[in-house]
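For reference, the structure is listed below as structure tokens.
All ligand and atom numbering here is 1-based and tracks the order in the structure.
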Amino acid sequence: MSRIAYVNGRLVPIADATVHIEDRGFQFADGVYEVVAVLNGAMLDWPQHAARFGRSLRELSITAPMSEAALSIVARRVLAANRIRDGLLYVQATRGAARRDHPFPAHAVPTLVMTARPFDFRVRTAQQKTGISIVTQPENRWQRRDIKSIALLPNVLAKQSARNARAFEAWFVNPDGTVSEGASTNAWIVRKDGTIVTHPASESILHGVMRGTLLALAREHQIRVEEAPFTVADALDAAEAFITSTSVPCLPVISIDGNPVGSGVPGPVTARLAEALWAEVERQTGWRR
Ligand SMILES: Cc1ncc(COP(=O)(O)O)c(C=O)c1O
């Protein structure tokens, strides 16, 4: 079955799906996006994704292409057209097409594209048992990382540097030694006293939907939580570390730049949080491993 994309009001085979070459997304990365997990045919944490999408658009003064309710109807149509049971939905909006000039065009109509592809989340439950490795690199992004912008070149380069080093993820490290987040994930440690620590939801990081879900679950499970910056040294001195995102719900970090974290194997607190997360996934979607 050929994949189907939604582009500006139409569902089209992906091979025929096009946007204008003067679209500002192509010319300037002038746009925002969301990635939503789909399990058992249901969108996980949809209201949070829709709200963040709206906020990213507002922060950049891009006109919302449609209401949240309409967006969710189109999303469901895309999932149905692609017969997605377990997968990832991509939603992307740009300021639209206009003659190339930096200032906002007077009358641009926003471009809206949605695609979906299958993804087997059991890949992640397998990785949970082995854990993953991290490399670090200097933070080199702009100061508004809370906006889910499509300008992802530093993230792309960071992820490739991780792949080149046979690591799963790269963590961005600030000049003061603190870790902001990963190339496409939020970063966490579990201190030796059992407290979980993650960077505050400031303009310095993306406010991950999974981060929010996990914080709520940790509190529910009476796990102490601190939203505070931590350094690479703190992570290497921690009992455990882990990463979260929509497509990487909760994976233990076992090494950073080749140095072991804790005992160098996935730890019990991360495992407990991952269990809580999978239980939440099942509660929302009925999905089971
Ligand atoms: C830079 C960055 N941080 C964190 C995340 C995790 O966000 P979420 O949990 O909403 O997927 C992402 C996801 O793409 C990301 O790109």
Side-chain angles (χ1 to χ4, degrees), residues 29 31-39 43-57 59 75 87-93 115-117 119 121 123-124 132 134-163 167-174 178-189 196-218 227 229-230 241-251 253 270 273-274 276-278 280-281 284-285:
V32 303
Y33 76 111
E34 279 298 320
V35 184
V36 184
V38 180
L39 296 113
M43 292 188 285
L44 187 72
D45 292 331
W46 169 256
Q48 293 92 316
H49 285 285
R52 185 174 63 185
F53 189 63
R55 178 179 181 273
S56 293
L57 290 166
E59 289 296 315
L88 295 167
L89 170 78
Y90 292 82
V91 181
Q92 180 163 323
T115 56
R117 64 179 169 96
F119 181 76
F121 286 87
V123 172
R124 299 300 184 226
I132 55 107
I134 296 284
V135 292
T136 61
Q137 72 143 67
E139 178 65 87
N140 59 356
R141 298 174 299 159
W142 75 329
Q143 303 301 311
R144 289 303 309 275
R145 303 162 203 145
D146 55 316
I147 299 171
K148 199 163 167 64
S149 148
I150 58 173
L152 288 172
L153 191 52
N155 309 60
V156 166
L157 297 177
K159 193 68 98 174
Q160 188 57 40
S161 77
R163 288 295 181 273
F168 184 81
E169 179 61 304
W171 278 0
F172 289 113
V173 180
N174 298 297
T178 56
V179 174
S180 37
E181 62 183 334
S184 65
T185 57
N186 288 115
W188 306 70
I189 59 171
I196 63 169
V197 185
T198 195
H199 196 288
S202 62
E203 293 183 354
S204 303
I205 65 160
L206 185 74
H207 306 180
V209 168
M210 200 51 88
R211 175 188 179 281
T213 301
L214 197 108
L215 278 174
L217 287 171
E227 291 182 72
F230 62 83
F242 61 95
I243 58 173
T244 58
S245 80
T246 292
S247 63
V248 181
C250 181
L251 281 187
V253 171
T270 307
L273 286 165
L277 211 46
W278 292 120
E280 171 63 15
V281 166
Q284 280 191 44
T285 68

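- In terms of polar-atom proximity, Lys148 is counted as a contact of ligand 1, with an N or O under 3.5 Å from an N or O of the ligand.
- The shortest side-chain heavy-atom distance between Ile132 and Val253 falls under the 4.5 Å cut-off.
- Proximity of Asn186 to ligand 1 is established by a heavy-atom distance of less than 4.0 Å.
- Considering backbone and side-chain N/O atoms, Arg52 comes within less than 3.5 Å of an N/O atom of ligand 1.
- Checking only distances, Val209 does come within under 3.5 Å of ligand 1, N or O to N or O.
- When only interatomic distances are considered, the shortest N/O to N/O separation between Arg141 and ligand 1 does not fall below 3.5 Å.
- The nearest heavy-atom contact from the protein to atom 7 (O) of ligand 1 is Gly208 CA, 3.4 Å.
- Partners of Trp46 under the ring pair (Phe, Tyr, Trp, His ring centres under 6.0 Å) rule, at least two apart in sequence or in another chain, do not exist in this structure.
- Considering backbone and side-chain atoms together, Asn155 places no N or O closer than 3.5 Å to any N or O of ligand 1.
- The NE2 atom of His49 sits 6.0 Å away from atom CZ of Arg52, with the distance rounded to the nearest 0.5 Å.
- Closest protein heavy atom to atom 9 (O) of ligand 1: Met210 N, 3.0 Å.
- With respect to atom 2 (C) of ligand 1, the closest heavy atom belonging to the protein is Glu181 OE1, 3.5 Å.
- With sequence neighbours left out, Tyr33 forms a ring pair (Phe, Tyr, Trp, His ring centres under 6.0 Å) with no residue at all.
- The aromatic rings of Phe242 and Trp188 sit parallel, their planes meeting at an angle under 30°, below the 60° perpendicular limit.
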Subject >> side chain to side chain donor-acceptor pair (under 3.5 Å) evaluation trace for Thr198 with Asn186 >> reply: CA-CA 8 Å; Thr198 195; Asn186 288 115; 5.6 Å; no
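- In this structure, atom 16 (O) of ligand 1 lies nearest to the protein heavy atom Ser184 CA, 3.5 Å.
- In this structure, Lys159 pairs ionically with Glu169, as a charged nitrogen and a carboxylate oxygen lie closer than 4.0 Å.
- Looking at Ala183 against ligand 1, only its backbone comes within 4.0 Å, counting heavy atoms.
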